[in-house]
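The structure under discussion appears below in the form of structure tokens.
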Amino acid sequence: MAIERYNAPAREKHWQAEWEKGDIFRAGDPAQGPKCYVLEMFPYPSGRIHMGHVRNYTMGDVFARYKRAKGFNVLHPMGWDAFGMPAENAAMERKTHPGTWTYANIEAMKAQLKSLGFALDWDREIATCSPDYYRHQQQLFLDLLKKGLAYRRSAKVNWDPVDMTVLANEQVIDGRGWRSGALVEQRELTQWFFKITQYSQELLDALSTLDKWPEKVRLMQANWIGRSEGMLVRWALENGTAPAGHEVVQVYTTRPDTLFGASFLALAADHPLAKAAAENNSELAAFCEECRRMGTSVADLETAEKKGFDTGIRAVHPLDAAWTLPIYVANFVLMDYGTGAIFACPSGDQRDLDFARKYDLPVVPVILPPGADAATFEIGTEAYDGDGTMMNSRFLDGLDTKTAFEEVAKRLEAAKLSGKAVGERKVNFRLRDWGISRQRYWGCPIPIIHCEFCGVVPVPAKDLPVRLPDDASFDKPGNPLERHPTWKHVDCPTCGKPARRETDTMDTFVDSSWYYARFTNPHSETPIDKQALAYWLPVDQYIGGIEHAILHLLYSRFFFRAISDAGHSGKNLREPFAALFTQGMVTHETYFQRDAEGKPIWLEPDMVRIDGEGAARTAHVIDTGEPAQIGDIIKMSKSKKNIVDPDQIIQHYGADCARWFMLSDSPPERDVQWTDEGIAAAGRFLQRVWRVVDVVQDLTGGPKPDRMAESPPPEAAELRKAAHRALSAVGQNIETLRFNVAVAQLYDLANVLGGAVNKSSEYAISAPLDHYALREPLREATELLVQMIAPMMPHLAEECWARLGYNTLLANQPWPAADPALLVDDEVTVAVQVNGKRRDELKIVRTASNADVEAAALKLESVIRALDGRKPKKVIVVPQRIVNVVG
RNA sequence: GCGGACGUGGUGGAACCGGUAGACACACGGGACUUAAAAUCCCGAGGCUUAACCGCCGUGAGGGUUCGAGUCCCUCCGUCCGCACCA
């Protein structure tokens, strides 16, 4: 009988409609048993999904479908990270409203996601740009404000004078705005901040509890938080050298043990003492100005030469009143870290050393590295910042670094300078408060009113949400909210006098810092439904890209704590994501030609024909026949044109095929390379499963035979074992997100099954009784295979399930249980080594004693030959694994 | 510069806790079916040597621990990623 090819695109629509009809992916009520919250990082609605989305959401979907089959009440929601710059850019370019553009994109992408057959609870869909969402965010902001976790202060920002907007650091390229190309300025603006630093220690400490997070992410966060233990040291300024009113300068140091190696102090250009000194010194003022301008370009910073300017002020050494040191303003000292002032020990710090050499300042070695000779040790061009033995340090000489630290700390804590201790121990963090103000339209309005008389007034809860005006104009750069004719004018809620609205909107990372909590009940009238949250949180498996390792994930960890402390959680829970998985990217080979100037012109994969293999591969442009170059295999990106459109793949091969390929071959945390061969192989497998199911149905669907074989053929037992082993292994591998291994095991089972099907067809003619004896195992293995592929290729699995005669949805079937009796063999194969080298293998009953195994091994001809007449000295037997004869 | 990860056939990768390296897939070669092709099915395959068996070599390089190392330790090389004047 001729079998029709499985028509994936047509049947997939059918099954999607069936699932929808049954509403089967709606998350159950909290009463319904053990829960499992599966979440993938929600997408920005750019307009079309890309292969990265397909991979990310397929992984989550497999996990969610599997957990559902295992009996969990699964929450698997989807939403849209819908605020942000691209919508405003689109508005500028296409003269559409950001909202119109965004919602059209959402509709298009939603249709794409549906065409992939994801088991999502669409009833919980969230778009962060919807007033239904952002009004709650405004409420949360006000609650944080009340708690003192949100505040306003003046801060330096990257300002693009052409676009008239603040730029994030990553939007400043070589000191210029990424869009306008204008030289970016540092501007002092009053900005809103969240007090993430209040949680520095907790965020750091709690990392150790996140044992289901990748070590890499935890390490990156720990480095980002950047805890250091040191001292604040107060230095007296020498009389007559300092500007009036300045008597002390405070520095932060992690190495008070090196105080006797100090040769100068250095201030940031923005340090108050530097500013004061610059008032009467125009050269110094000019130098400070130069330092300020430098701040923006990352590339400049890397290569910038260490520069300084002597203020003429001198500081008194805290351990020797007779010793004074010069104070410089230096371009490498940051106002944002520590106190904006340092003492420099050139022998122990490379920057200080470079600086000292340039300005001819003393370099005194104070730490002798282990093994070095004190008589000859000197500092050349490299500072020594390791531990060792103190030298040239008076009362510290001979102590080790740590003891010296303690000794100095003790003395400085006891010493007094104008009534206060000279030194105090201080833990410092690199993490800074989170600036959330953005001078943009398409974001969540900050619900604040500025009143000339009452100051900063929160918008009363009853007036929320503060809605974005629909009639803003996007024809000019700058903040549309700021120049809107009426929106910002509002009466003060306290005194009723004319006042103005805050025109800044929130950073979009605020939106994504709590969406996972909102998903637990997105229809709640309060920002968070405490009961729903208590049941569903934490997220049991969170999946997303490594690029969010710090920002999004750290902000979320902070924000969840902050809103919990503001009374929104009601559950003793600090971490929102119990398990995190970071998936790799989808890559593709690139192709290009060079233009007259040698710049690459990228070519779409479809435009190129590849011939040959290995190093001899060549590429040609199909239309013109011109030769082209084969470039690197890199992340799919529009600019390199190495993209493959999921829609086209779905139309051609079907969603299941795309899903299967995205799970195959590469470990999920690593990059996967898209190849035409790979997707074709997935397509072949899909058809093969369909054919096998079809044949098995024909072979086994008929009436029961009246006679069976007395002893079934060997294929029967082998097939049963293979099926149950796969069942056990595939379940575990899905559980641990090792999808590529699960896929390989399913291929394996399909191979065994295919062999058995062929045998059965043969027996049907030559040995009918054997044919009948294979019927039950064939059917069992086939059904198990179909059930196991269901999380990965859910449409095909439904189709097969129906073909096998069932009229129920496979998506509603429980995950089958493996028969433990079939997971162990009666007979095992044991490798036989002689002197650690494999020489043979031995089939023996599983329960054989070590002595039996040893005896059997020593009888093997291969062993006797390898021993070459020597007597075995020792025999090591690892039961059921290996026997090693040492001789 | 600092921190981290990784290095296995022609390719992607597998190998539980130190116990048969190369599962599975791609690419390749051979065969069956076909007038032919596609599709499908079967078979082969790490390298060297061999007619074949045998044998030798083999997880980036070198050394070590062990009866036994892809796996553990040390040194080096290479690739990738993160952070980067953090005092």
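Remember, it's a predicted structure, so these values are computed and weren't measured experimentally. Proteins come first, then strands; the chains are lettered A, B, ... in the order of their sequence lines, and each starts at number 1.
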- Query: What's the base orientation of B/rG55: syn (chi within 90° of 0) or anti?
  - Reply: anti
- Message: Say we look at B/rG46 and B/rC2: how far apart would their P atoms be, to the nearest angstrom?
- Response: 43 Å
- NZ/NE/NH1/NH2 to OD/OE distance under 4.0 Å, A/D336 and A/R432: yes
- Message: Going by the glycosidic torsion and a 90 degree boundary from 0, is the base of B/rC67 oriented syn or anti?
- Response: anti
- Comparing A/A744 and A/I882 on RNA chain B - which has the more 5′ nearest nucleotide: A/I882
- Task: Report yes if the side chains of A/Y359 and A/Y328 come closer than 4.5 Å at any heavy-atom pair, otherwise no.
- Result: yes
- What is the nucleic acid contact for A/T675, judged by heavy atoms within less than 4.0 Å: base, sugar-phosphate only, or nothing? nothing
- Task: Take atom CG of A/D748 and atom C1' of B/rG22, then tell me their distance rounded to the nearest Å.
- Result: 14 Å
- Given the C1' atoms of B/rG68 and B/rA21, what is the spacing between them in whole Å? 14 Å
- Query: What is the nucleic acid contact for A/V333, judged by heavy atoms within less than 4.0 Å: base, sugar-phosphate only, or nothing?
  - Reply: base
- Taking the same atom, P, in B/rG4 and in B/rC76, what whole-Å distance lies between them? 15 Å
- Message: I need the CG-P distance between A/N331 and B/rA87, as an integer number of Å.
- Response: 18 Å
- Message: Tell me every residue that passes side chain to side chain donor-acceptor pair (under 3.5 Å) with A/Q673, counting only those two or more places apart in sequence or in another chain.
- Response: none
- Using only side-chain N and O atoms of A/Y337, determine if any of them is under 4.0 Å from OP1 or OP2 of B/rA87. yes
- Message: Distance check needed: B/rC24 P versus A/L753 CG, whole Å only.
- Response: 15 Å
- Message: Which helical stems does RNA chain B take part in, if a stem means at least 3 consecutive Watson-Crick or G-U pairs with both distances below 3.5 Å?
- Response: B:1-7 with B:77-83, B:10-12 with B:24-26, B:28-32 with B:40-44, B:46-48 with B:55-57, B:60-64 with B:72-76
- On a whole-Å scale, what distance lies between the P atoms belonging to B/rU20 and B/rU75? 29 Å
- Task: Check the angle between the aromatic planes of A/F661 and A/W674 and answer parallel, tilted or perpendicular using the 30° and 60° thresholds.
- Result: perpendicular
- Task: Before accepting this row, confirm whether a basic side-chain N of the pair A/K307/A/E290 lies closer than 4.0 Å to the acidic partner's carboxylate O.
- Result: yes
- Item | Among B/rG3, B/rC26, B/rA87, the one nearest A/L219 by side-chain distance | B/rG3
- Answer yes when A/R838 and A/E841 have at least one side-chain N-carboxylate O distance shorter than 4.0 Å, and no when they do not. yes
Report all interatomic pairs (protein N or O, nucleotide N or O of nucleotides 38-42 of chain B) with separations under 3.5 Å.
residue	atom	partner	partner atom	Å
B/rU40	O3'	A/R691	NH2	3.2

- Can a side chain N or O of A/R432 be found less than 4.0 Å away from OP1 or OP2 on B/rC86? no
- Message: Taking any heavy-atom pair under 4.0 Å as a contact, classify A/S664: base, sugar-phosphate, or nothing.
- Response: nothing
- Query: Does any residue of residues 226-235 of chain A have a heavy atom under 4.0 Å from RNA chain B, and if so, which ones, in number order?
  - Reply: none
- Ring-ring centroid check A/F355 A/F332, cutoff 6.0 Å: yes
- Exam field: side chain A/R430 to backbone A/W224, donor-acceptor pair closer than 3.5 Å: yes
- Note on the structure: Sorted by chain and residue number, the side chain to side chain donor-acceptor pair (under 3.5 Å) partners of A/T254 (sequence neighbours excluded) come out as none
Collect all protein-nucleotide pairs involving nucleotides 12-15 of chain B in which both atoms are nitrogen or oxygen and the distance is under 3.5 Å.
residue	atom	partner	partner atom	Å
B/rG12	O2'	A/S666	OG	3.2
B/rG12	N2	A/D665	OD1	3.1
B/rA14	OP1	A/N740	ND2	3.2
B/rA15	OP1	A/R738	NH2	2.6

- Query: Taking side chain as C-beta onward, heavy atoms only, is A/M792 less than 4.5 Å from A/I734?
  - Reply: yes
- Is there a donor-acceptor pair closer than 3.5 Å between any side-chain N or O of A/T590 and the backbone N or O of A/N642? no
Pairwise N/O distances under 3.5 Å, protein to nucleotides 53-59 of chain B:
residue	atom	partner	partner atom	Å
B/rG55	OP1	A/R839	NH1	3.3
B/rC56	OP1	A/R839	NH2	3.4
B/rC56	OP2	A/R839	NH1	3.2
B/rC57	OP2	A/K837	NZ	3.0

- Using the test salt bridge (charged side-chain N to carboxylate O under 4.0 Å, His left out), find all partners of A/E718 that sit at least two apart in sequence or belong to another chain. none
- Task: Could you tell me the separation between the CG atom of A/N223 and the P atom of B/rA5, rounded to a whole number of Å?
- Result: 12 Å
- Message: Which nucleotide wins on minimum distance to the side chain of A/E677, given the candidates B/rA27, B/rA87, B/rC81?
- Response: B/rA27
- A/W224 side-chain proximity, nearest of B/rC85, B/rA84, B/rG3: B/rA84
- Message: Give me the distance, rounded to whole Å, that separates B/rC72 from B/rU59 when you measure between the P atoms they each carry.
- Response: 15 Å
- Query: Rounded to whole angstroms, how far apart are CG on A/D336 and C1' on B/rC85?
  - Reply: 13 Å
- With A/Q732 via side chain to side chain donor-acceptor pair (under 3.5 Å) - residues at least two apart: none
- Note on the structure: Rounded to whole Å, the CD1-P distance (A/I630 to B/rU11) equals 16 Å
- Query: How far apart are the C-alpha atoms of A/N758 and A/E762, what are their side-chain angles, what is the distance that settles it, and do they pass the side chain to side chain donor-acceptor pair (under 3.5 Å) test?
  - Reply: CA-CA 6 Å; A/N758 289 345; A/E762 274 174 41; over 6 Å; no
- Task: Take the protein atom CZ of A/F355 and the nucleotide atom C1' of B/rA87, then report the distance between them rounded to whole Å.
- Result: 14 Å
- Query: Which residues satisfy the side chain to side chain donor-acceptor pair (under 3.5 Å) test with A/Y747, sequence neighbours excluded?
  - Reply: A/W660
- Please answer whether the main-chain N or O of A/V741 pairs with a side-chain N or O of A/N733 as donor and acceptor at a distance below 3.5 Å. no
- Hey, are A/K721 and A/D825 close enough for a salt bridge, meaning a charged N less than 4.0 Å from a carboxylate O? yes
- Message: Any non-hydrogen side-chain atom of A/L232 less than 4.5 Å from a side-chain atom of A/V251?
- Response: no
- Non-hydrogen side-chain atoms of A/V757 and A/V696 separated by less than 4.5 Å: yes
- Say you pick atom P in B/rC6 and the same atom in B/rC73; how far apart are they, in whole Å? 11 Å
- Item | Set of salt bridge (charged side-chain N to carboxylate O under 4.0 Å, His left out) partners for A/R659, sequence neighbours left out | A/D61
- A/Q201 vs A/R227, side chain to side chain donor-acceptor pair (under 3.5 Å): CA-CA, chis, key distance, verdict: CA-CA 8 Å; A/Q201 189 68 53; A/R227 184 183 196 273; 2.9 Å; yes
- Query: How long is the line joining CG of A/L554 and P of B/rC83, in whole Å?
  - Reply: 13 Å
Protein-nucleotides 67-70 of chain B N/O pairs under 3.5 Å:
residue	atom	partner	partner atom	Å
B/rC67	O2'	A/N884	ND2	3.1
B/rC67	O2	A/N884	ND2	2.6

